[in-house]
Amino acid sequence: MRRLDDPHAPAAEHVSRFHADGHATLRGLLDPEELRSLEPALSAAVEARNDLRGRPWSERTTYERAFVQVMNLWRDDDAARQIAWSPRLASTAAALLGVEGVRLYHDQALYKEPAGSRGGQTPWHVDQYYWPLASDRSITAWIPLVDVPAEMGPLAFATGSQRFEEGRDLAISDESEDVCGRALADAGFERTEEPFALGDVSFHLGWTFHCAPPNRSAAVRKVMTVIYVDAEMRVAEPTNANQRADLETWLPGLAPGDVAASPINPLLWPPAC
């Protein structure tokens, strides 16, 4: 079985590849029919909370042009909760990280609008720039809700870049695209970019550099992501304004040195007794 409720132990080759590359794609990890059944409700929830609806393209930042982003949908929407709390995804994340258990940091929908006046690129960046976390044991599951061919803007990685430090201090922006793109190319990192079929899931470390090209298709690139952290993760002292905001929003009531275990960071693997 490969339903969301079915735990999964990734093959040794996937674990090895993840540790070497900082990312790994598990083909056919999820049941396409189950995802198809959840997508309409999830998309409706995204549309209901779309803060960019009606905002002219000319008034959007580079970040806002990259995708429609809606976070922590699991708290309001059952379809999102089924994905975010999935034992299959959480057990896989724990195995790839090499930890005993994982907590939820938060989920987020990333809907990249179609080409034309919309569907901008996602600049090079690292996720953990935004997160006040004390170790590198954080992982994002990137879960397409539709097939994502090359023209739709699939996720792309600088393979093996999880320990590369130049550009880590930049938010998603035109600057990060220029500075990180140039630095990664100069350092010789290979760009890995492949299409995704429905049911494929990509996992990457918080410090792995990645980006996505524009959506040049006529359809929305619908993706759900879930960020997991080691169950023993500690909160770090924020180093920028984004981390300070994340501490308040996603780790409410916690302080540097605390275990990252607020009421909205439940333990997802192993299951509670």
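Treat the numbers as computed from the prediction; the structure is a model and nothing was measured.
Pairs engaging residues 121-146 under the salt bridge (Lys or Arg N to Asp or Glu O under 4.0 Å) rule: none recorded [sequence neighbours left out]. For residues 171-180, the pairs satisfying side-chain hydrogen bond (donor to acceptor under 3.5 Å, both in side chains) are T62-D174, with sequence neighbours left out.
Cluster partners of M152, by chain and number: W142, V146, V148, L155, F157, F196, V223. The rule joins Ile, Leu, Val, Met, Phe, Trp and Tyr whenever side-chain heavy atoms lie under 4.5 Å apart. Under a 4.5 Å side-chain heavy-atom criterion applied to ILVMFWY residues, the cluster that includes V179 comprises L170 as well.
Taking CG of L133 as the start and CG of L247 as the end, the distance is 10.0 Å to the nearest 0.5 Å. Atoms CD and OG, on Q82 and S37 in that order, are 7.5 Å from each other to the nearest 0.5 Å. How far CG of D31 is from CZ of R3: 5.5 Å, rounded to the nearest 0.5 Å. Taken from OG in S86 to CG in L29, the straight-line distance is 8.0 Å, to the nearest 0.5 Å. Rounded to the nearest 0.5 angstrom, T92 OG1 and H8 NE2 are separated by 4.5 Å. Atoms NZ and CG, on K112 and L110 in that order, are 8.5 Å from each other to the nearest 0.5 Å.
The nearest pair of heavy atoms linking C180 to W124 is CB-CB, 3.7 Å. Annotation for P213 and R191: closest pair CD-NH2, 4.0 Å, computed over non-hydrogen atoms. Across L42 and A79, no two heavy atoms sit closer than the pair N-CB, 4.2 Å. Nearest heavy atoms, D77 versus A41: OD1-O, 3.8 Å. Between S91 and P7 the shortest heavy-atom distance is OG-CA, 3.6 Å. Contact detail for A93 and I139: the closest heavy-atom pair is CB-CG2, 3.8 Å.
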Stepwise side chain to side chain contact (heavy atoms under 4.5 Å, CB included) check, Y105 with D246: CA-CA 10 Å; Y105 186 55; D246 257 36; 2.8 Å; yes

For the pair R49 and D76, evaluate side chain to side chain contact (heavy atoms under 4.5 Å, CB included) and give the outcome as yes or no after the intermediate values. CA-CA 11 Å; R49 291 175 54 183; D76 317 295; 2.6 Å; yes

Run the numbers on E166 and D186 for side chain to side chain contact (heavy atoms under 4.5 Å, CB included), then give the verdict. CA-CA 11 Å; E166 188 171 351; D186 289 347; over 6 Å; no

Could you go through L89 and L30, starting from their C-alpha distance and side-chain angles, then the distance that decides it, and tell me whether this counts as side chain to side chain contact (heavy atoms under 4.5 Å, CB included)? CA-CA 9 Å; L89 293 171; L30 301 181; 4.2 Å; yes

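Between P214 and Q121, the closest side-chain pair of non-hydrogen atoms falls below 4.5 Å. By the 4.5 Å heavy-atom criterion applied to side chains, H210 and H23 are not counted as neighbours. Looking at heavy atoms from C-beta onward, N72 lies out of side-chain contact with T249 at the 4.5 angstrom threshold. For the pair H106/I264, no side-chain contact is recorded, criterion being any heavy-atom separation below 4.5 Å from C-beta on. No side-chain heavy atom of F189 sits less than 4.5 Å from a side-chain heavy atom of F209. Side chains of W74 and V226 form no contact here, defined as non-hydrogen atoms less than 4.5 Å apart. Here the side chains of V220 and V68 are not in contact, with every heavy-atom distance at 4.5 Å or above. Residues Y130 and N240 have side chains not in contact (no heavy-atom distance under 4.5 Å, counting atoms from C-beta outward).
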Return a table of donor-acceptor pairs under 3.5 angstrom between the side chains of residues 13-20 and protein atoms on other chains or two or more places apart.
from	atom 1	to	atom 2	distance (Å)
R17	NE	D21	OD2	3.4
H19	NE2	L96	O	3.2

For a quick test of your reading: what N or O donor-acceptor pairs under 3.5 Å do the side chains of residues 227-236 make, sequence neighbours left out?
from	atom 1	to	atom 2	distance (Å)
D230	OD1	E232	N	3.1
R234	NH1	G257	O	3.0

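By the 4.0 Å N-to-carboxylate-O rule, E113 lies close enough to R60 to be salt-bridged with it. Electrostatic pairing of R27 and D200 counts as a salt bridge here, judged by a charged N lying under 4.0 Å from a carboxylate O. A salt bridge links R36 with E33; the closest basic N to acidic carboxylate O contact falls under 4.0 Å.
Placement of L38 and W85 within a single hydrophobic cluster is found when ILVMFWY residues are connected by side-chain heavy-atom separations under 4.5 Å, directly or transitively. Under a hydrophobic-cluster definition in which Ile, Leu, Val, Met, Phe, Trp and Tyr are linked whenever side-chain heavy atoms come within less than 4.5 Å, directly or via other members, L4 and L198 are assigned to the same cluster.
One N or O on the side chain of D107 and one on the backbone of L73 form a donor-acceptor pair closer than 3.5 Å. Judged purely by atom type and a 3.5 angstrom limit, R168 has no side-chain atom pairing as donor or acceptor with the backbone of V126.
Other residues, nucleotides and ligands place more than 12 heavy atoms under 6.0 Å from the CD atom of E193.
Each of L251, T239, L254 was scored for a side chain to side chain contact (heavy atoms under 4.5 Å, CB included) with P132, with one residue passing: L251.
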